[in-house]
Amino acid sequence: MAIGYACLAIGVPNTDQRTCTSNYVTESRLLELIAHNLAALEELIEYNIKNEITLFRISSDLIPFGSSPLNPLKWWEIFKDDFDRIGVKIKQGHLRVSMHPGQYTVLNSPHPEVVQRAVDDLNYHAQVLASLNTLSDSKIILHIGGVYDQKELAIDRFASNYKKLEPSVKKRLIIENDERSYSISDVLEISWQLGIPVVFDNLHHQIHPSDPKKNEFYWIEEARKTWKPVDGPQKIHYSQRNTSKKSGSHSAGIDLDEFMKFYTELGRTDLDIMLEVKDKNFSALKCINATRTISKIGTLELEWSRYKYTVLEHSPAIYNQIRLLLNDKTTYPVFDFYHLLEKALAVQWSIGERINAAQHVWGYFKNCATDTEKKQFLKLLEEVENGTGSIKKVKTHLLRLSRNYEQKYLMDSYYLYLD
DNA sequence: TGACGTCAAGATCCG
DNA sequence: CGGATCTTGACGTCA
């Protein structure tokens, strides 16, 4: 089983994807952006492999205006060496990558120009995955589209437009239930008609269920039957509700107990789970570590090294509890560890504790920093104390110091990247 | 016509 | 001038 996250990682330097608006598009600007984004993708791939995250969705923004006439570049030829090199890393790292055009790629629209743009967009996505030399288990996830008051006709349009797609797209295309128009049973029916693998999305299903008598595990089993060996392991999307926001919103992080309840009831490890969650790689690592079959405390120690100063600024008490928890090197207290972590992050920080944590981090530099750097730090800290500054500025300063003095341990710390 | 979702770029404001 | 904050863009459907 692989568990993964979508498009971007938090706290991993040099992995941001850049773009520009249409009125600023020039060939040289596009070349610059593509080069930047490919370098960022390579960093992301390396991070994923190093951290044993073997499922990853590549951002559709990799090639700005990749499916638009605004971008006439043959980017797959110009950057062939980069694609090849990244592709080798993906393959050697046993990483499974996918892509997911947004809700605006609508293959079943009654408007031919909308359909044409959808086709162009699917071709673009297939071109990216082909350029990386991935196999047909590297998928493109698509929603069915609109209903237009006549669902049967809309489905027919989807079917006839699907049949006209390039083989390079067809071999990768998979379809997903959405939260408004097409329930999981709708999507399965389309799948039976066309032979397309189905991705079950639990949150969309919660919001837009098809049969109240059947639970989500029933539908996951049904979806399983749509996957052929050439498609790779079945994929599902898993997310949790953000209860404080509108119904379809994804949660900030994955609640481990809720995830484990799902995982246990699922009772299978022969499928891949794509998490859709705001904190991305953080939650992916949590779920991966909680479901490891081979476990060692070093994994948790590595996580702790990234989280410790963030925990400290929320709760020194829990900070100490986790330290004690990890003392016994013969155990793997993964649930206690993440429970404490979740508990700490839920604690509202106070100014005093934030300053305390910042001073801990400053400890790395007190012997090497220049007087100016020290003065700057103390000034920023004082501004936080009297309410005129922000901790963000303090952290930005500490991040710059970490880079300048090559404090690797700190540079990997989530503390520097979280607000 | 605005909401939906998503992320940065761009624009503007502030000290 | 730099940094923080607000607005826009880019997409299509639906209320």
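Only heavy atoms go into these numbers, but all of them, side chains included; no hydrogens, no water, no symmetry mates. Letters A, B, ... are given to chains in the order of the sequence lines, protein chains preceding strands, and every chain is numbered from 1.
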May I ask you to check whether A/Asp279 and A/Tyr5 show a side-chain donor-acceptor distance below 3.5 Å?
no
d(CD1, A/Ile63; C1', C/dA10) in whole Å
17 Å
Would you indicate which nucleotide in C/dG12, C/dA4, B/dC7 comes nearest to any side-chain atom of A/Ser390?
C/dA4
Would one find a side-chain N or O of A/Arg117 under 4.0 angstrom from OP1 or OP2 of C/dG12?
yes
Here's one to test your reading of the geometry: is the NZ or CZ of A/Lys151 within 45 degrees of the ring axis of A/Tyr182 and under 6.0 Å from its centre?
yes
Closest nucleotide of DNA chain C for A/Asn23 versus for A/Asp149: which of these residues is on the 5' side?
A/Asn23
I need the NE2-C1' distance between A/His143 and C/dC11, as an integer number of Å.
14 Å
Look at the side-chain N and O atoms of A/Lys278 and state whether any lies under 4.0 Å from the OP1 or OP2 oxygen of B/dT6.
yes
Quick check: A/Tyr319 with A/Trp304 (ring centres under 6.0 Å apart)?
yes
Against the six-membered ring of A/Phe377, is A/Lys374 placed for a cation-pi contact (under 6.0 Å from the centre, within 45° of the normal)?
no
Is A/Ser109 close to A/Tyr148 at the side-chain level, that is, under 4.5 Å between some pair of heavy atoms?
yes
What contact category does A/Ser59 fall into here, base, sugar-phosphate, or nothing, at under 4.0 angstrom with non-hydrogen atoms?
nothing
Counting just side-chain N and O atoms, does A/Lys280 come under 4.0 Å of either OP1 or OP2 of B/dC7?
yes
Just how far, in rounded Å, is C1' of B/dA3 from CD of A/Gln103?
10 Å
Using a heavy-atom cut-off of under 4.0 Å over every strand shown, decide if A/Lys392 touches base, sugar-phosphate, or nothing.
nothing
Any side-chain N or O of A/Ser109 less than 4.0 Å from the OP1 or OP2 oxygen of C/dT13?
yes
Starting at CZ of A/Arg57 and ending at C1' of B/dG5, how long is that distance when rounded to a whole Å?
13 Å
Report the nucleotide, chosen from C/dC14, C/dG12, B/dG5, that has the shortest atom-to-atom distance to any side-chain atom of A/Glu179.
B/dG5
Which atom pair, heavy atoms only, marks the closest approach of A/Pro72 to A/Glu27?
CG-OE2, 4.2 Å
Checking contacts here: which listed nucleotide (C/dT13, C/dC14, C/dC11) is nearest the side-chain heavy atoms of A/His111?
C/dT13
Protein-nucleotide distance (A/Arg180, atom CZ; B/dG5, atom C1'), rounded to Å:
11 Å
Can the positive tip of A/Lys308 be found less than 6.0 Å from the middle of the six-membered ring of A/Tyr415, inside 45° of the ring normal?
no
Are A/Phe200 and A/His205 close enough that their ring centres sit under 6.0 Å apart?
yes
So which nucleotide from B/dT6, C/dT13, B/dC4 ends up closest to the side chain of A/Pro110?
C/dT13
Across nucleotides 8-15 of chain B, 5' to 3', mark each nucleotide with B, S or - according to how protein heavy atoms within less than 4.0 Å reach it.
-SSS----
Looking for any heavy atom pair under 4.0 Å, which part of the strands does A/Gly146 touch: base, sugar-phosphate only, or nothing?
sugar-phosphate
Here the distance between atom C1' of B/dC4 and atom CG of A/Leu203, to the nearest Å, is 15 Å
When rounded to whole Å, the OH to P distance for the pair A/Tyr104 and C/dG12 reads 9 Å
Please give, in whole Å, the distance from C/dG3 C1' to A/Glu383 CD?
12 Å
